[in-house]
Number of protein chains: 2
Amino acid sequence: MPKRADLSDTFCPVGRSAEILGDRAVLLILRELFFGRRRFEAIAANTGLGPQLVSARLKLLEKEGVVERHAYQERPPRHEYRLTAKGKDLFDVLYAMRNWAERWAYEAGETGSGPAMRYIHRACGADVGTSTVCPECGEILRYGDLKGEPSVALKAEQTAKGT
Amino acid sequence: MPKRADLSDTFCPVGRSAEILGDRAVLLILRELFFGRRRFEAIAANTGLGPQLVSARLKLLEKEGVVERHAYQERPPRHEYRLTAKGKDLFDVLYAMRNWAERWAYEAGETGSGPAMRYIHRACGADVGTSTVCPECGEILRYGDLKGEPSVALKAEQTAKGT
DNA sequence: AATAGTAACTATGATAATCATAGTGACAAG
DNA sequence: CTTGTCACTATGATTATCATAGTTACTATT
């Protein structure tokens with residue numbers, strides 16, 4: 001391709017987000033980070049992306065201030081990647097994507113009788129379904145408020161990928 | 001590129017969404033459709049994308065059931081594109097992207113004194129800020145509940161692009 | 001009647017992003 | 001001293017994207 005059009009100078013907020021988020025590799029890497037996976041190899045394995053792409057996108061996300069690179073040991077040098085506050089604030093976007101897919105992207109019964117991933121509101125124990133607000137206690141759901149329980153199908157897929 | 005990895009067979013809901021939404025052209029086209037622009041040329045002009053890309057992505061979105069092609073006259077044949085229910089349900093995703101960008105993607109004062117695009121809750125008249133729930137009346141915000149008022153900077157950019 | 005205009009595209013060729021695979025450097029464990 | 005792990009970088013084939021130009025089918029104007 002020729003250099004893709006730069007959207008970072010638009011005044012439209014969706015355009016600015018799309019500049020970063022309009023990329024499947026970025027979205028998959030963010031998913032892994034939200035799942036708590038921090039190491040390069042774990043991210044590469046679970047996303048199915050090549051190391052080159054993972055490396056390039058992590059550099060981009062670091063430059064954008066979404067991700068921080070952290071040395072967790074010196075000898076040999078090893079790093080992990082963590083979401084910054086700016087990165088954690090992308091939770092709403094990923095969660096909205098999850099909700100939409102649960103509602104529209106599965107055949108009936110494809111993942112058994114429930115959703116692909118069930119989310120429980122830690123504060124009150126309610127199953128939040130595909131809502132942005134807890135259907136039980138009415139609280140707005142934020143990063144850290146939820147506990148995910150993958151369906152049997154999803155769990156099998158994840159263990160098949162290794163980490 | 002080689003054929004990009006297919007994510008439609010993953011059981012992860014974020015992966016399934018990313019299959020469609022992890023593409024800047026798709027996000028920009030959806031933005032235009034949510035703004036109420038329905039004609040091919042208007043979408044192409046406002047996104048800055050070439051007609052080929054717009055054509056390919058609209059076909060994809062039609063195949064995915066996100067968009068419907070509608071003939072609004074027969075001679076000469078003219079079409080417009082509309083969001084289906086499945087497409088309108090992507091509102092939460094685009095709105096979350098907008099909220100995130102308003103919070104993180106602008107320098108102070110870049111769009112004047114307010115956000116790039118102000119949203120007013122039609123039901124109660126409150127400025128909703130970057131919240132998913134109306135700060136005034138507590139209602140969950142959905143597609144159609146909001147009225148957008150672009151900042152001076154954004155309005156200037158839009159009129160510059162034509163439609 | 002001929003020209004210009006509009007809408008919705010398709011065709012072409014150059015460029016560059018992506019994938020698959022293999023390789024590297026630094027160290028640890030057996 | 002060979003094997004293994006982690007975090008990458010290097011290479012080459014493939015193909016998506018962009019810019020530009022062209023097409024089809026009409027309507028409106030001169």
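Residue numbers start from 1 in every chain, and the chains themselves are labelled A, B, ... in the order their sequence lines are given, proteins ahead of strands. Worth knowing before you read on, the calculation uses all heavy atoms, side chains too, and leaves out hydrogens, waters and symmetry mates.
Atom CD of B:Glu80 is separated from atom P of C:dA8 by 9 Å (rounded to the nearest Å). Spacing between atom CZ of A:Phe40 and atom P of C:dT24 amounts to 18 Å, rounded to whole angstrom units. Protein atom CG of B:Leu49 is 17 Å distant from nucleotide atom C1' of C:dT10, rounded to whole Å. Distance CZ (A:Arg37) to C1' (D:dA7): 18 Å, rounded to an integer number of Å. Distance B:Asn46 CG to C:dA8 P: 13 Å, rounded to the nearest Å.
When the nucleotides D:dA19, C:dA8, D:dA7 are ranked by their closest atom to the side chain of A:Tyr72, D:dA7 comes out on top. In the set D:dT17, C:dC9, D:dA7, C:dC9 carries the atom at the smallest distance from any side-chain atom of B:Tyr81. Comparing C:dT18, C:dA22, D:dC18 by their nearest atom to the side chain of A:Arg57 picks out C:dT18. For A:Glu41, taking side-chain heavy atoms from C-beta onward, the closest of the listed nucleotides C:dC19, D:dC6, C:dA7 is D:dC6. With distances taken from any side-chain atom of A:His79 to the nucleotides C:dC9, D:dC8, D:dA16, the minimum falls on D:dC8. The side chain of B:Asp23 has D:dT17 as its nearest neighbour among C:dA22, C:dT18, D:dT17. Distances were taken from every side-chain heavy atom of B:Leu53 (C-beta onward) to each of D:dC18, D:dC8, C:dC9; the shortest belongs to D:dC18.
In terms of heavy-atom proximity, B:Ile29 sits nearest to B:Thr47 at N-CG2, 4.2 Å. The two atoms that bring B:Tyr81 and B:Phe40 nearest to each other are CE1-CD1, 4.4 Å, heavy atoms only. The two residues A:Arg122 and A:Leu146 make their nearest non-hydrogen contact at NH2-O, 3.4 Å.
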Write down the protein N/O and nucleotide N/O pairs, taken from nucleotides 25-30 of chain C, whose separation is under 3.5 Å; answer none if there are no such pairs.
unit_1: C:dC27; atom_1: OP1; unit_2: A:Arg75; atom_2: NH2; d: 2.9

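For the side-chain hydrogen bond (donor to acceptor under 3.5 Å, both in side chains) test with A:Thr130, the passing option among A:Arg98, A:Glu102, A:Arg103 is A:Arg103; the others fail.
In summary, B:Arg57 and B:Glu32 do not engage in a salt bridge, as defined by a charged side-chain N under 4.0 Å from a carboxylate O.
At C:dA8, none of the side-chain N or O atoms of B:Lys59 fall inside 4.0 Å of OP1 or OP2 (strictly under the cut-off). Distances shorter than 4.0 Å separate none of the side-chain N or O atoms of B:Arg39 from OP1 or OP2 on C:dC9. Considering only side-chain N and O atoms, A:Arg69 lies under 4.0 angstrom from the phosphate OP1 or OP2 of D:dC8. Taking only side-chain nitrogens and oxygens, B:Ser55 comes nearer than 4.0 Å to OP1 or OP2 of C:dT10.
Between A:Tyr143 and A:Phe34, the ring center distance clears the sub-6.0 Å criterion.
Members clustered with A:Val133: A:Ile140, B:Val133, B:Ile140, by chain and number, using a 4.5 Å side-chain heavy-atom cutoff among hydrophobic residues.
Counted by atom type alone, B:Thr10 and A:Glu157 present one or more donor-acceptor pairs between their side chains at under 3.5 Å.
With hydrogens and angles left out, the side chain of A:Gln52 and the base of D:dT11 share a donor-acceptor pair within 3.5 Å.
Of the two residues contacting DNA chain D, namely B:Pro51 and A:Leu58, the nearest-nucleotide position lying further toward the 5' end is that of A:Leu58.
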